Structures are given as structure tokens and as C-alpha cells.
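In this chain, residues are counted from 1 in sequence order. Quick caveat, the model's predicted, so the values are computed rather than measured.
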Amino acid sequence: MQRFLGFAVVLAITASALGAGITAVVPNAYENTPGTSTFIGPHAIGERTYQMLIHESQLTDFVGLPLNGISWRLPTSATGVWPGADINYTFYHIFLSASVAPADRSLVFANNVVGTQTLVRSGPLSMSAGAHPFGSSPNDFAPTISFNEWLYTGGHLLVEIRHSGNNFGSRSLDALSTSTAGYGSLFSAAWTGSATGTSGSQGNFTVAQFSAVPEPTTAILFGVVTLLALRRRG
């Protein structure tokens, strides 16, 4: 009976490890530090195309893992939660691909794509009132916007967002200005006020938190170690 209970505990722990996922903030230096500016691109009331170019050095925690979500946070200047009511985007598309280096960013969007660009999220997006919290420095990230798993195998990453705009209003997010150290080398961005745009302007880089699915072997190994520990105690 004791062995059965021990095995059940290990299964529960392993399942939890598999489901919890891992997260990392990009740029890494801003995990616990507020950004230097703001940007409304991901949560604008009007249509947007927004490209985020990320240097591979900022993504080492994710090599070999399937990315499956992204989230943003309010700047420290926020005086309340956002949005003030439930909001909807008619469509919120996210594309992932390899990227040119941030230093080589072009304002022609297609020129930043390396290899195959994959649509990992399509269709409408709903956000509950108060999804973005405030009152911290930096603020906590909002709930993750999930997308289809995309295996990151290393190299520079390009995130492209094309959305319809929402029915509530624009909201500035925590971001890094174009004069921030690291802009143009570790990260870069471009945008335009159209969901179908092909070129645009340089933009601030929005601090983002990415999520990924942990390796099954890591979770299983953790479960095995736990089981051995339980057996020794018995």
C-alpha cells in the first residue's frame, strides 16, 4: 500500500511538472527591473502589425523546448488595472520564425523573416476586465496569451503580431525605448498601423514573458528521484 501511495505521489508530481511550464522574461535584464519607456502596439485600439526581433542570447532557457505563450505587463506609471471592462479583438494573429539579428533589422517586414514563418495563433482574442494588474515595480505580467507549440531550436527569434485592434481602448505597456542599451543588438522592433502592412517604422521593444513546455524527460527524471527518495525513507 505504501509503495502504491508513493508511486501515486510521484505521478502527481510529474504531471504537475509537465503541466506547469517554464517562463522567462525578454530581455533577461528586465525580469525584475521596469522598462525605460512604453509602447501600445500589442494592445492598441486600432489595427497593428508589430515585429519583435530577439537575439539568441536572450533565449537560452528555451533551446530545445516548444514555446507556447506570451504575455506583457503594465508600466510602473499605471494607476489602475487594465482593461476596465471585458474586451475583444476580432482577430489576433501571432507568427513565429527565425530572425535576422536585431542589428540587421529591416523596416520591410518580410526581410526580417528567416526560413518558414509559422502562424501559431489565429482568430479572435478576449481579455477579461482587470487582466493586467498594477501596483508593483515592475508590475506582474498579465495572463499568458497561448498559441500552438512551436519548437525553438536556437538562433534569433522573430515574433510577428497582426491584430484588428480592440473595442475598448489603447493601453501602453512596459517597454524599452530605442535609445536603451541593448536596443539594436539584443532586441529590436518595427511596427505599422495596419494589420496587413508590409513595412513600417522603428518601434519600442515591449518587455515580454514567454512560456514553454518543459522537457518530458526532465519531469520524469524528477519523478524518479522523488520515488527513490520515498523508498529510502520507507
Side-chain angles (χ1 to χ4, degrees), residues 14 17-33 35 39 41-42 49-73 92-122 138 141 144-162 173-176 178 180-191 200 202-223 225:
T14 303
L18 284 168
I22 63 171
T23 60
V25 174
V26 174
N28 303 159
Y30 290 88
E31 178 177 2
N32 299 307
T33 302
F39 193 69
T49 297
Y50 181 46
Q51 284 192 334
M52 304 170 68
L53 291 77
I54 303 169
H55 192 276
E56 61 185 338
S57 65
Q58 302 298 297
L59 299 162
T60 55
D61 288 347
F62 291 130
V63 175
L65 301 180
L67 300 177
N68 68 350
I70 189 171
S71 61
W72 291 278
R73 65 191 183 195
Y92 202 100
H93 301 331
I94 300 177
F95 299 82
L96 296 181
S97 70
S99 174
V100 299
D104 298 327
R105 184 215 58 210
S106 170
L107 296 180
V108 177
F109 300 139
N111 292 348
N112 297 323
V113 178
V114 173
T116 301
Q117 191 174 42
T118 303
L119 176 63
V120 294
R121 190 193 189 285
S122 63
F141 285 91
T144 298
I145 298 175
S146 299
F147 49 73
N148 295 333
E149 293 181 5
W150 186 85
L151 182 63
Y152 174 66
T153 57
H156 309 313
L157 176 68
L158 179 67
V159 180
E160 182 175 295
I161 298 165
R162 294 178 180 267
L173 298 170
D174 196 30
L176 303 169
T178 58
T180 301
Y183 191 102
S185 56
L186 298 179
F187 50 89
S188 186
W191 73 283
Q202 177 173 262
N204 289 348
F205 184 91
T206 310
V207 178
Q209 179 174 264
F210 289 89
S211 62
V213 180
E215 291 180 288
T217 52
T218 301
I220 292 170
L221 179 60
F222 178 67
V225 171

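Judged by distance alone, the side chains of N68 and S211 do bring a donor and an acceptor atom under 3.5 Å apart. Using modelled atom types and a 3.5 Å distance limit, the side chains of R105 and Q202 yield a donor-acceptor pair.
Between the side chain of Y152 and the backbone N or O of G155 there is at least one donor-acceptor pair closer than 3.5 Å. Looking only at distances, no side-chain donor or acceptor of R73 sits under 3.5 Å from a matching main-chain atom of L173. Of the possible polar contacts, one joining the N28 side chain to the Q58 backbone as a donor-acceptor pair under 3.5 Å is found. Side-chain N or O atoms of Y92 include none that pairs as donor or acceptor with a backbone N or O of R121 at under 3.5 Å. For the pair Y30 (side chain) and A208 (backbone), a donor-acceptor distance under 3.5 Å is absent. Without hydrogens or angle criteria, Q209 side chain to T23 main chain gives no donor-acceptor distance under 3.5 Å.
The shortest heavy-atom contact between P102 and S188 is O-CB, 3.7 Å. The minimum heavy-atom distance linking W191 with G203 is given by the pair CD1-CA, 3.7 Å. The minimum heavy-atom distance between V120 and F147, with the atom names listed, is O-CB, 3.3 Å. Taking each heavy atom of F39 and P42 in turn, the nearest pair found is CD2-CD, 4.1 Å. When all heavy atoms of L176 and G35 are compared, the pair lying nearest together is CD2-CA, 3.7 Å. Looking at every heavy atom in both residues, G69 comes nearest to T144 through CA-CG2, 3.5 Å.
Atom CZ in F62 sits 9.5 Å away from atom CD1 in I54 (nearest 0.5 Å). Once rounded to the nearest 0.5 Å, the distance linking CG of L67 with CG of L151 reads 8.0 Å. Distance check: T49 OG1 to R162 CZ gives 3.5 Å after rounding to the nearest 0.5 Å. Atom CD1 of I94 and atom CE of M52 lie 10.0 Å apart (nearest 0.5 Å).
In this structure the side chain of S57 reaches within 4.5 angstrom of the side chain of L186, judged on heavy atoms. Using a 4.5 Å cut-off on side-chain heavy atoms (C-beta onward), V114 and L158 make no contact. Within the 4.5 Å cutoff, the side chain of E56 has no heavy atoms near those of the L157 side chain. Taking the side chain as every heavy atom from C-beta outward, V159 and L96 approach each other to under 4.5 Å. Contact annotation: the side chain of Y50 approaches that of T206 to within less than 4.5 Å [non-hydrogen atoms, C-beta and beyond]. V100 is listed as a side-chain neighbour of L53, based on a closest heavy-atom distance under 4.5 Å.
The side chain to side chain donor-acceptor pair (under 3.5 Å) with N112 is formed by just one residue from the set H156, Q51, Q117; it is Q51. V207 pairs with exactly one of F141, F187, W72 by the side-chain contact (heavy atoms from CB on, under 4.5 Å) rule, that one being F141.
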Step by step, would you call V213 with L65 a side chain to side chain contact (heavy atoms under 4.5 Å, CB included)?
CA-CA 6 Å; V213 180; L65 301 180; over 6 Å; no
